[in-house]
Amino acid sequence: MNKSISAANIRVSMLTRTTLVATWLVAAVLMASGYAAAGQATKAPASHEAPLLWRDDLSPGDRERVAKILKSDPAAVEPFENMPAGKATFTGTLDTNAFSHFPPSLSFEDEQRFKIGNGLFRKIWVSSPASTQASDGLGPLFNARACQQCHVKDGRGRPPLADEPMLSMLMKAVISDGAGVRPDPDLGEQIQNFSVAGVPAEAETDIRYTSTFVTVNAGSGKTKQVELLKPSYQLRALHENDEAAGLENPDRILGPRVAPQMIGLGLLQAIHVGDLEVLADEEDADGDGISGRIHHLPQPTVENQQAPGPLVGRFGWKATTANIRQQSADAFFNDMGLSTSLRPGPWGDCTVGQVICRSAPHGVGSYGDIQELHEVSDEALDLVEFYSANLAVPQRRDVDEPVVLEGKQLFHAAGCASCHTPKFVTSRHASQGDYQFQLIWPYTDLLLHDMGPELADNIPVGAASGSEWRTAPLWGIGLTEMVNGHTRYLHDGRARNLLEAILWHGGEAAAARDRVAAMEPAQRSALVRFVESL
């Protein structure tokens, strides 16, 4: 027998079996819809109307079945609720690497691509010129030397401890004066606290916290005060030189950002845009106090991007990026000073006024007849994009525990699900085959919501105001301590636990926050226990 033919036959057989199992899984999910619906995950039309007409990727029969499966039953364990990423859910042992696995649905070839992408995600970049030509071009200014240094274990960043440099957290910067809000002409889009030899780093950030208190129900007719820590930020010069001057600019606004967890990005990208549009309610037409809106982005000017027309922001704390590829290119450019075909400047975030930075060596065309166009090639960007899109969501835990089910009902009753939309069925036209037509449970609507003045950073980005934030996905959030060794949440990591994160909610979420604060202590604990199970 020809060994190569035999191996190929075995492989085809295994792939076919995977496909059959996946097909059965989706069919089973859609068939298991004959239970009482206590709430809607989407603003579906009345029962006499045809459902989900915006889903141009589905047949009329599919629309009927999908509409049924998207109804939520907070009082019950719903079909496949423990499989938040559908067939792409990671079901193995959970440990500190829980966010770093590939989906079991990947083919053998794609598993190899994932592993190579993982190597690039972890790769330590060096400054130019260097003998390792494939790894040079770092900086001249940067926040990290590898993607993994910010997204530690592919998880969530945190504020630095005392005397630590800022690493898995960074600081955006703008100038706000009589001329409006604009990028900082001295320091660029963000503060870089590291640099290559011969180039001064911009600054380090000192964080100070002041206490504020929220009153919650303590039971038996009593109340208690929960301490929250409100951060403030100040730049500190690292060197005495001209380029570190001017850090006390009173018109400068700083915007902190911790690195978000990386799991499930490809599935978020696979959500049909119509499902987001139907959730949006910019004028609060239904009067529920929730007015989420899509962040429509301008079409990039770089060639080889998507078709002309506005793009829908899905990624970033303010939904500032439409796709994982652009998000990866922006991180290479701003965080590590590395150029790509999407962000081709070889100096990264150096401004025109940072002369030393602009004149430093870079990794483009540095080796005689080797004319590198970009420090990160399109092939390398492809692999990092693929890796980022395929970090698997872990299986949920304890979905049938009574306290978790109680917490689920309270989560819905408080109104948390009005923004943290529990589930979607992804598009049949998703670019990656194993992400097509999957029931997923990300607990986000990917929309911008006004979260009030206490969480505002006062930095508008695109069409997002200084107080608007994208609803953060909640899947995997309960594994943060296991993976990253901390429980810091929100865009700046100010919340030290999940309850604090809830109590910081304001603006559109103020009513839901107040309902949680008014709960009996055991109810509040049950709600938090439910979120920890996600």
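Computed from heavy atoms alone, side chains included, the values below leave out hydrogens, waters and symmetry copies. In this chain, numbering begins with 1 at the start of the sequence shown.
- With rounding to the nearest 0.5 Å, the separation of CG in Leu161 from NE2 in His486 is 10.0 Å.
- Note that CD of Gln261 is 4.5 Å distant from CZ of Phe99, once rounded to the nearest 0.5 Å.
- In terms of heavy-atom proximity, Leu138 sits nearest to Ser127 at CB-N, 4.0 Å.
- A donor-acceptor pair under 3.5 Å is absent between the side-chain atoms of Arg470 and the main chain of Ala319, judged by distance alone.
- A salt bridge links Arg158 to Glu164: at least one charged side-chain nitrogen sits closer than 4.0 Å to a carboxylate oxygen.
- To the nearest 0.5 Å, atoms CZ (Phe213) and CD (Gln225) are separated by 7.0 Å.
- Closest approach of Leu447 and Gly292 over heavy atoms only: CD1-C, 4.0 Å.
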Practice problem: Evaluate side chain to side chain contact (heavy atoms under 4.5 Å, CB included) for Gln149 paired with Ile124, printing each intermediate quantity in order. | Solution: CA-CA 9 Å; Gln149 287 186 337; Ile124 301 296; 3.9 Å; yes
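- Not one N or O on the side chain of Asp445 forms a donor-acceptor pair closer than 3.5 Å with the backbone of His420.
- Inspection of the Glu202 and Gln354 side chains reveals an N or O donor paired with an N or O acceptor under 3.5 Å.
- Side-chain contact check for Thr480 versus Arg156: some heavy-atom pair is nearer than 4.5 Å.
- Glu375 places a side-chain N or O within 3.5 Å of a backbone atom of Gly363 that can act as its donor or acceptor partner.
- In this structure a side-chain-to-backbone donor-acceptor pair under 3.5 Å is present from Glu508 to Ser291.
- For the side-chain contact (heavy atoms from CB on, under 4.5 Å) test with Arg252, the passing option among Val174, Asp177, Asp186 is Asp186; the others fail.
- Taking every heavy atom of both residues into account, Ser168 and Cys150 meet most closely at CB-O, 3.2 Å.
- For the residue pair Ser100 / Asp154, a side-chain donor-acceptor distance below 3.5 Å is found, with atom types taken as modelled.
- If you take CH2 on Trp469 and CG on Asp450, they are separated by 11.5 Å, rounding to the nearest 0.5 Å.
- The pair Arg113-Asp382 does not count as a salt bridge, with every side-chain nitrogen at least 4.0 angstrom from each carboxylate oxygen.
- Closest approach of Ile263 to Ala392, counting heavy atoms only: CG2-O, 3.4 Å.
- Rounded to the nearest 0.5 Å, atoms CZ (Phe194) and CZ (Phe142) are 7.0 Å apart.
- Looking at heavy atoms from C-beta onward, Thr96 lies out of side-chain contact with Val483 at the 4.5 angstrom threshold.
- In this structure, Arg236 does not pair ionically with Glu204, as no charged nitrogen and carboxylate oxygen lie closer than 4.0 Å.
- For the atom pair CD1 of Ile502 and SG of Cys416, the computed distance is 6.0 Å after rounding to the nearest 0.5 Å.
- Side-chain atoms of Arg314 and Gln269 include no donor-acceptor pair closer than 3.5 Å.
- With hydrogens and angles left out, the side-chain atoms of Ser211 and Glu227 include a donor and acceptor closer than 3.5 Å.
- The pair Arg293-Glu468 meets the salt-bridge criterion, since a charged nitrogen lies less than 4.0 angstrom from a carboxylate oxygen.
- Ser339 places no side-chain N or O within donor-acceptor distance of the main-chain N or O of Pro346, the cut-off being under 3.5 Å.
- Annotation for Leu297 and Thr320: closest pair CD1-O, 3.4 Å, computed over non-hydrogen atoms.
- Side-chain atoms of Thr487 come within 3.5 Å of backbone N or O of Arg496 as a donor-acceptor pair.
- Side-chain polar atoms of Asn323 and Gln327 form no donor-acceptor pair below 3.5 angstrom.
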Quiz item: Taking it one step at a time, do Ile290 and His449 satisfy side chain to side chain contact (heavy atoms under 4.5 Å, CB included)?
Solution: CA-CA 8 Å; Ile290 307 299; His449 293 275; 3.5 Å; yes
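- Asn143 has its side chain out of reach of Met336: every pair of non-hydrogen atoms, C-beta onward, lies at least 4.5 Å apart.
- Side-chain contact check for Val376 versus Trp125: some heavy-atom pair is nearer than 4.5 Å.
- Looking only at atom types and distance, the side chain of Gln190 has no donor-acceptor partner in the side chain of Asp349 under 3.5 Å away.
- For the pair Thr444/Leu474, no side-chain contact is recorded, criterion being any heavy-atom separation below 4.5 Å from C-beta on.
- Of the possible donor and acceptor atoms, none in the side chain of Asp206 sits under 3.5 Å from a partner among the backbone N and O of Leu235.
- Between Tyr435 and Thr426, the closest heavy-atom pair is O-OG1, 2.6 Å.
- Ring geometry for Phe411 versus Tyr443: interplanar angle over 60°, hence perpendicular rather than tilted (30 to 60°).
- Ring-plane geometry between Phe121 and His151 is classed as tilted, the angle between the planes lying from 30 to 60 degrees on a 0 to 90 degree scale.
- Side-chain N or O atoms of Asn193 include none that pairs as donor or acceptor with a backbone N or O of Thr205 at under 3.5 Å.
- When atom types are taken as modelled, the side chain of His295 and the backbone of Lys318 share a donor-acceptor pair closer than 3.5 angstrom.
- Using a 4.5 Å heavy-atom threshold, the side chains of Ile324 and Tyr387 count as separate.
- Side-chain contact of Asn334 with Gln192: a donor-acceptor pair under 3.5 Å is absent, judged by distance alone.
- In this structure a side-chain-to-backbone donor-acceptor pair under 3.5 Å is present from Asn484 to Val152.
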